[in-house]
There are 2 protein chains.
Amino acid sequence: MKRSTIVKDRLADMAADLTPAERQVSDVLLRDYPVAGLTSITRLAEAAGVSTPTVIRLARKLGYGGFPDLQAALRDEASAQIRTPILKRDGWPENRSDSPAFQDFAQAVFANLEGTIDRLDPASFDRIAACLADPARHVVLSGGRITRSNADYLFNHLQIIRPGVTLLSPSANVWPQYLLDMGPETVLVIFDIRRYERDLFRLAEIAKAQKAEIVLFTDQWGSPVTKLSDHVVNALIEVPSSWDSTLAINLIAEALIAEVQTRRWEDAKTRIERLEDMFKTTKLFRKQN
Amino acid sequence: MKRSTIVKDRLADMAADLTPAERQVSDVLLRDYPVAGLTSITRLAEAAGVSTPTVIRLARKLGYGGFPDLQAALRDEASAQIRTPILKRDGWPENRSDSPAFQDFAQAVFANLEGTIDRLDPASFDRIAACLADPARHVVLSGGRITRSNADYLFNHLQIIRPGVTLLSPSANVWPQYLLDMGPETVLVIFDIRRYERDLFRLAEIAKAQKAEIVLFTDQWGSPVTKLSDHVVNALIEVPSSWDSTLAINLIAEALIAEVQTRRWEDAKTRIERLEDMFKTTKLFRKQN
DNA sequence: TCAATCCTGAAGCTATCGTTACAAGCTAGA
DNA sequence: TCTAGCTTGTAACGATAGCTTCAGGATTGA
């Protein structure tokens, strides 16, 4: 019989050959499997009411070199059990000829999206949506070197849904004039992932001093702006590339757009209809060219 | 702020106050959470590439008396996570109070991403990457009302990696001057999802007449530009919202960026280093403000 | 009852762990 | 450029873990 790599199976296989004291250890292990085995040998022995050598003898009987080996096996199992299914999804299309690099990349992105949703506080999401949906508030968006694209994306949609949306220019030297008009009714949305940008921090500082409400989209480590922010979205951004992936940020941005749109459906509807009309008009003009 | 008993939450709360080395530890912990923390402090430190005192400092910062305390907390969490019945582990993180709308949205996005990857022809992906990585080619990008953000995103990154990248202005009336310079060495990247834009089609027509190679990012139904394009990426964009989700387009764009970067690593490396230098210089300038 | 065998824990040893103290290195601001 | 403060790793230390040895105790069969 080939020896199973699963500790639980080995315990079952050897059950008949175990001594009473060893069985007590086995019981404790199985009661909170596999985490129970992840303490020190001393504590495990105490929990089972036996001595430490007994635990070692059990580990050896199961085919491990010693207790640390057994523990490593248990740790691997715990890890495998806890990992969310999407990570180890057997759903990855077989018979595909994607490069391993592409597959790794895609896997990482999925893990990031999942992890980001996992960390997102639903209540916080609601509050952000409420800010952005409030027509009385003025929304100002700003991003950094890379994240300006994300800011642009959110801006692009928000602007269609509601009035009073401004995208700050990437160059910081024109910001002061916008800062002039910021007050308690302003919602400042900042995108700042590593490497965090000093200018954005200063922007947040001044805006905060003027009582603006700050929404921050950042990475898992958190921009310094975090401590100035009223609402923070932490997105996972690491992928097997020398670039960071801002896909998770866009996911939340899109979800917010959908939510905001729902909240102010009546207003947005007419607004969009008017917009469509204008586009049609523009097109007519162009036909003359 | 009441201190959460969940290590993950504490990490998130403190994220902004962590030092770079501590962040590395945090990273390792979260990557295989919570099991990664169940080794010895030495191994954890090694895995994170830091020294053991750093791990202890992190543990203290999170409010634990020392590493063993932190580890005990992690073990409890691992135990709790594994004990929970297989609940709805399939797919959605358990015990979350997300609105159904948000869940539906996220589910749809995941389905879109998977479907998009599924439809993507690896060979085609490679050919597109080859075009974009070829320094002899000139890359021109253009998007529509919504997709200009996607074009901007790809532009933003490509520009850092390689020279000869141009983003067309959203206003079609300045396109002709760019069209003047298009030839067989030009790669024109067009983003066009419903509602497809006539201007983009004309742009493609003229570019095609001048022998430019055309790469098209579109939706599952296919923009009219398809018939003029040499390479087409069809992304799924439907979500339960009155908006379309361009997340799948960004996924492919990001994957392409990673691939292009890999292909021209040597060149890109020095280019990025020079860029970093310039940014540092700019910072020095800014200090005078 | 006795002897042979097996089971078990106490005691001690060594390697490793977790911790502390301190100094070098780095960064930010003047 | 220089200084103050922060960050980080090195080195040294007790404490603990994991392991070995060995002897007491239980069990079994004659």
Side-chain angles (χ1 to χ4, degrees), chain A residues 14-29 36-75 194-202 205 221-224 227, chain B residues 14-29 36-75 276-277 279-289:
Chain A
M14 300 292 294
D17 296 332
L18 296 186
T19 69
E22 285 164 357
R23 209 160 279 146
Q24 290 179 55
V25 178
S26 171
D27 280 352
V28 171
L29 280 179
L38 299 180
T39 24
S40 75
I41 190 174
T42 313
R43 268 173 253 262
L44 177 59
E46 273 172 13
V50 301
S51 66
T52 56
T54 299
V55 177
I56 295 182
R57 280 188 281 263
L58 175 63
R60 296 258 159 84
K61 236 179 206 175
L62 296 179
Y64 298 98
F67 180 71
D69 283 1
L70 167 65
Q71 197 172 56
L74 288 171
R75 196 164 35 237
R194 69 174 179 190
R195 330 169 33 156
Y196 313 114
E197 295 178 37
R198 183 188 305 251
D199 285 339
L200 288 172
F201 185 77
R202 295 205 177 133
E205 270 183 331
W221 308 286
S223 146
K227 54 175 87 71
Chain B
M14 300 291 295
D17 296 329
L18 296 185
T19 69
E22 285 164 355
R23 230 163 249 157
Q24 290 179 52
V25 180
S26 168
D27 246 16
V28 171
L29 281 178
L38 299 181
T39 22
S40 75
I41 191 174
T42 312
R43 268 176 252 269
L44 177 59
E46 272 173 13
V50 302
S51 65
T52 54
T54 299
V55 177
I56 295 183
R57 282 188 278 258
L58 175 63
R60 296 259 158 83
K61 233 177 208 176
L62 297 179
Y64 299 98
F67 181 69
D69 284 0
L70 167 65
Q71 198 171 55
L74 287 171
R75 197 165 31 239
E276 293 295 335
D277 286 347
F279 267 105
K280 275 180 194 156
T281 315
T282 311
K283 269 186 188 168
L284 287 178
F285 284 157
R286 281 185 191 154
K287 286 196 177 170
Q288 298 170 358
N289 292 349

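Each chain gets a letter, A, B and so on, in the order the sequences are listed, and its residues count up from 1.
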Rounded distance (Å) that lies between atom C1' of dA15(C) and atom CD1 of Ile56(A): 13 Å
If you assign Pro53(A) and Thr39(B) each to the DNA chain C nucleotide with the nearest heavy atom, which residue ends up on the more 5' nucleotide? Pro53(A)
Check whether Arg75(B) reaches the backbone of Leu38(A) with its side chain - one donor and one acceptor, N or O, closer than 3.5 Å. yes
Compare side-chain N and O positions of Ser51(A) against OP1 and OP2 of dA10(C) and report whether any pair is under 4.0 Å apart. no
Ignoring backbone atoms, establish whether Arg57(A) has a side-chain N or O less than 4.0 Å from OP1 or OP2 of dG9(C). no
Whole angstroms only, please: what is the CG-P distance between Leu44(B) and dT19(C)? 12 Å
Drop me the distance from Ile41(B)'s CD1 to Ile56(B)'s CD1, to the nearest 0.5 angstrom. 4.0 Å
Between Glu46(B) (CD) and dC17(C) (C1'), how many Å, whole number? 12 Å
How many whole angstroms separate atom CD of Gln71(B) from atom P of dT16(C)? 18 Å
Report the residue (Pro20(B) or Gly65(A)) whose heavy-atom-nearest nucleotide on DNA chain D is the more 5′ of the two. Pro20(B)
Rounding to a whole Å, what distance do you find between Phe67(A):CZ and dC17(C):P? 14 Å
Keeping Lys61(B) on the side-chain end and Asp17(B) on the backbone end, is there a donor-acceptor pair under 3.5 Å? yes
Just the endpoints, please: which first and last nucleotides of DNA chain D, 5' to 3', lie under 4.0 Å from a heavy atom of chain A? dA17(D) to dT20(D)
Run the salt-bridge test on Glu22(B) and Arg57(B) with the 4.0 Å N-O cut-off and return the result as yes or no. no
Specify the separation, in whole Å, of atom CZ of Arg43(B) and atom P of dA15(C). 16 Å
Looking at Thr52(B), does any N or O in its side chain come under 4.0 Å of the phosphate oxygens OP1/OP2 on dG18(C)? no
Between Ser40(B) and dC17(C), is there a side-chain N or O to OP1/OP2 distance below 4.0 Å? yes
Only residue of Val55(B), Thr54(B), Leu70(B) satisfying side chain to side chain contact (heavy atoms under 4.5 Å, CB included) with Leu44(B) is Val55(B)
Between atom CG of Asp69(A) and atom CZ of Arg60(A), what is the distance when rounded to the nearest 0.5 Å? 9.0 Å
From OG (Ser40(A)) to CD (Gln71(B)), nearest 0.5 Å: 9.5 Å
Expressed in angstrom and rounded to an integer, what is the separation of Asp69(B) atom CG from dC17(C) atom C1'? 15 Å
Side-chain N or O of Arg198(A) less than 4.0 angstrom from OP1 or OP2 on dG29(C)? yes
Students often get this wrong, so: under 4.0 angstrom with heavy atoms, is Val55(A) touching a base, only sugar-phosphate, or nothing? nothing
